[in-house]
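To find a chain, count down the sequence lines: A is the first, B the second, and so on, and within it residues start at 1.
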There are 2 protein chains.
Amino acid sequence: MNEMRAYFAREIPGINAFLAAEADRLDGLVREVARHVLLSGGKRIRPMLTILCARALGHGQGDVLPMACALEMLHTATLLHDDVLDQAQTRRGKTSAHVAFGVTETILAGDVLLALANSLGAGYDIPRLNALLARGIMATAEGEILELAHTARPSVDRQAYLDIIIGKTARLIETACRCGAALASRDRALEDLAGDFGLNLGIAFQLVDDALDYAVSESEMGKPAGGDLREGKMTLPLILYLESLPQAESSALLTALREKRLTVEDAARIVAEVREKGFADETREAARRYVDAALAALGALPETPERAVLAQAAEYVLSRRK
Amino acid sequence: MNEMRAYFAREIPGINAFLAAEADRLDGLVREVARHVLLSGGKRIRPMLTILCARALGHGQGDVLPMACALEMLHTATLLHDDVLDQAQTRRGKTSAHVAFGVTETILAGDVLLALANSLGAGYDIPRLNALLARGIMATAEGEILELAHTARPSVDRQAYLDIIIGKTARLIETACRCGAALASRDRALEDLAGDFGLNLGIAFQLVDDALDYAVSESEMGKPAGGDLREGKMTLPLILYLESLPQAESSALLTALREKRLTVEDAARIVAEVREKGFADETREAARRYVDAALAALGALPETPERAVLAQAAEYVLSRRK
């Protein structure tokens, strides 16, 4: 994965500088909120995917950074609103924006970043880009909504889980790839291939994230293990665990989740059992299959150095341990 | 104003039907929130301005409704987020969305409507429309932020007040007019005239709103008089009142506003004094000057039936009593 690391190391300073400059141009109250989240060292996966997909399809002239950074801004806007919704106390190991700056400032900063992302997209004079951004924002919000509804009435339902992770995570990653492709080419078939790659990669990314939530300690992840379980989120490791239980036990656990009366001890025991029974690993295996689908889509694109880096990025998603 | 009333009466059912159809296509949880606010009988000023400006500049073929309704959705999205920010209990005489449906659902419904508006704009394949929408959303959020900052540290500052009402109200009305113009013509000079009309009309609209807050009773307005004062909002009637007071009294009131320790009796007395001293009327006179500026911009557009209706709409803004 050396090419990938080198490529990311070369591009990320430019992304960070662009984001910092855009944040500095914002109004006072929102500027600090935006800087807090935008410049707190995310992995920059979405903007990198936009850059890589654009170049993989021959984008040469013109600046790809505004489009790429628009995707990071959309992602950041959803994080800001999510933090308010989840009442999360930390994000990326730092105090959440709404705790540090207030709910009002955080909601408005999210709105400003949504607008800024759309504005950067509109700057290219390619209407397709704004249609893609709008669809990405909508899918992300709808994914959140699905998750909320499902968390309120949890059930063992793999399709519902897949719909949720496609909405809340994979569609925006797909959007990042499609926007890169649309910047380079008006060929919708090429954009669809980039979109297929991104959608499958995004599903794999969230599956690995959900596996990690049962697998690692707080110090590695920046958040405590088992957080999803405590929030009542029905992710694949938990679905596999519930499917493995006798009917009566499974029903009792679902009821406890719905009624939010899982004790800290219950949660710690279930997290350990999920890990010991191999359901976190099984979730990673499911992610492997989506990465394979992503690589198949990628294989239909022309052979370029960027295609090779995208392939390495897909493998990296599987290998990450935090 | 008979032409205006007839024109609105003819167009508003189509706007309402379009909004209802779009709301019905949304996901479950958000659908009810969106319907609650989107279909609660707003005045539809923004979409009407888009339609009128488009036709005033010769837009004949093609459907203007998606663009017009995108403006109403943006407006509704800002109302949804504002209600959460202000913790308002009522809106348009109905229970606020966040009280009826929850903060989470309300924030997400706002995000979905922002995305839907952008998506409708992108459907026209005219990049200028998305640039305008993005700028309108950004200005509105920034206006809110300015107001928050100013409410936290109130001062007698007419320019700050003007910046706030331009941001939070007038820019989106300007955007509605510009989007109509941009739909009809690529001539930027014509769009600028429509924008000038909208900006001045928007300022006048907010001035009248701020005058009404000191002038009318709860039953007429759907909210209690003096609400702005109780929230510590520094609007023109209050600025004029503060300017009329001896220095010591003015400072004491500013301090009471900043420290949020105005009693209900204080507030009622000040509202009555503002009205009796004619500061609500003086605010209406300021609005008159902006309406005149709006009419001057309008006069430079070609003479059409829609131009006449726009002129009547500008006069109507001044005459409204609730």
Side-chain angles (χ1 to χ4, degrees), chain A residues 26-31 33 70 74 77-78 80-82 84-87 102-150 152 163 167, chain B residues 26-31 33 70 74 77-78 80-82 84-87 102-150 152 163 167:
Chain A
L26 296 176
D27 261 353
L29 264 177
V30 173
R31 190 191 308 128
V33 190
L74 283 194
T78 64
L80 285 170
H81 285 180
D82 284 3
V84 176
L85 307 184
D86 294 346
Q87 305 187 304
V103 168
T104 297
E105 290 76 3
T106 303
I107 294 176
L108 288 172
D111 290 351
V112 166
L113 288 177
L114 285 177
L116 191 50
N118 280 308
S119 174
L120 289 169
Y124 284 95
D125 264 13
I126 303 174
R128 176 74 183 153
L129 295 176
N130 280 93
L132 288 169
L133 291 176
R135 202 202 289 174
I137 301 167
M138 181 111 58
T140 306
E142 290 184 342
E144 284 283 331
I145 292 157
L146 278 182
E147 185 168 55
L148 280 168
H150 195 61
D163 290 343
Chain B
L26 296 176
D27 262 353
L29 265 176
V30 174
R31 188 191 310 129
V33 190
L74 283 195
T78 66
L80 286 170
H81 285 181
D82 284 3
V84 177
L85 307 184
D86 295 346
Q87 305 188 303
V103 168
T104 296
E105 289 76 3
T106 303
I107 294 177
L108 288 172
D111 290 351
V112 166
L113 288 177
L114 285 177
L116 190 51
N118 281 307
S119 174
L120 290 170
Y124 284 95
D125 264 17
I126 303 174
R128 176 75 185 155
L129 294 176
N130 279 93
L132 288 169
L133 291 176
R135 204 202 286 173
I137 301 167
M138 179 111 59
T140 306
E142 290 184 342
E144 284 282 330
I145 292 157
L146 278 181
E147 185 169 55
L148 280 170
H150 195 63
D163 290 343

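Atom NE2 of B:H81 sits about 5.0 Å away from atom CG of A:D111, to the nearest 0.5 Å. Put simply, CE on A:M138 and CG on B:L116 are 4.5 Å apart, with the number rounded to the nearest 0.5 Å. Going from atom CG of B:N118 over to atom CG of A:N118 covers 4.0 Å, rounded to the nearest 0.5 Å.
Of all residues in residues 128-137 of chain B, those placing a non-hydrogen atom less than 4.5 angstrom from a non-hydrogen atom of chain A are B:N130, B:A131, B:A134, B:I137.
With a 4.5 angstrom heavy-atom cutoff, B:I145 touches chain A via backbone and side-chain atoms both.
With chain B as the partner, the residue from A:A141, A:A122, A:A115, A:G102 showing the most heavy-atom pairs under 4.5 Å is A:A115. The candidate with the highest count of non-hydrogen atom pairs below 4.5 Å against chain A, out of B:V30, B:V112, B:I107, B:I126, is B:I107.
Contacts classified as salt bridge (Lys or Arg N to Asp or Glu O under 4.0 Å) and involving residues 117-126 of chain B (residues at least two apart or in different chains) are not found.
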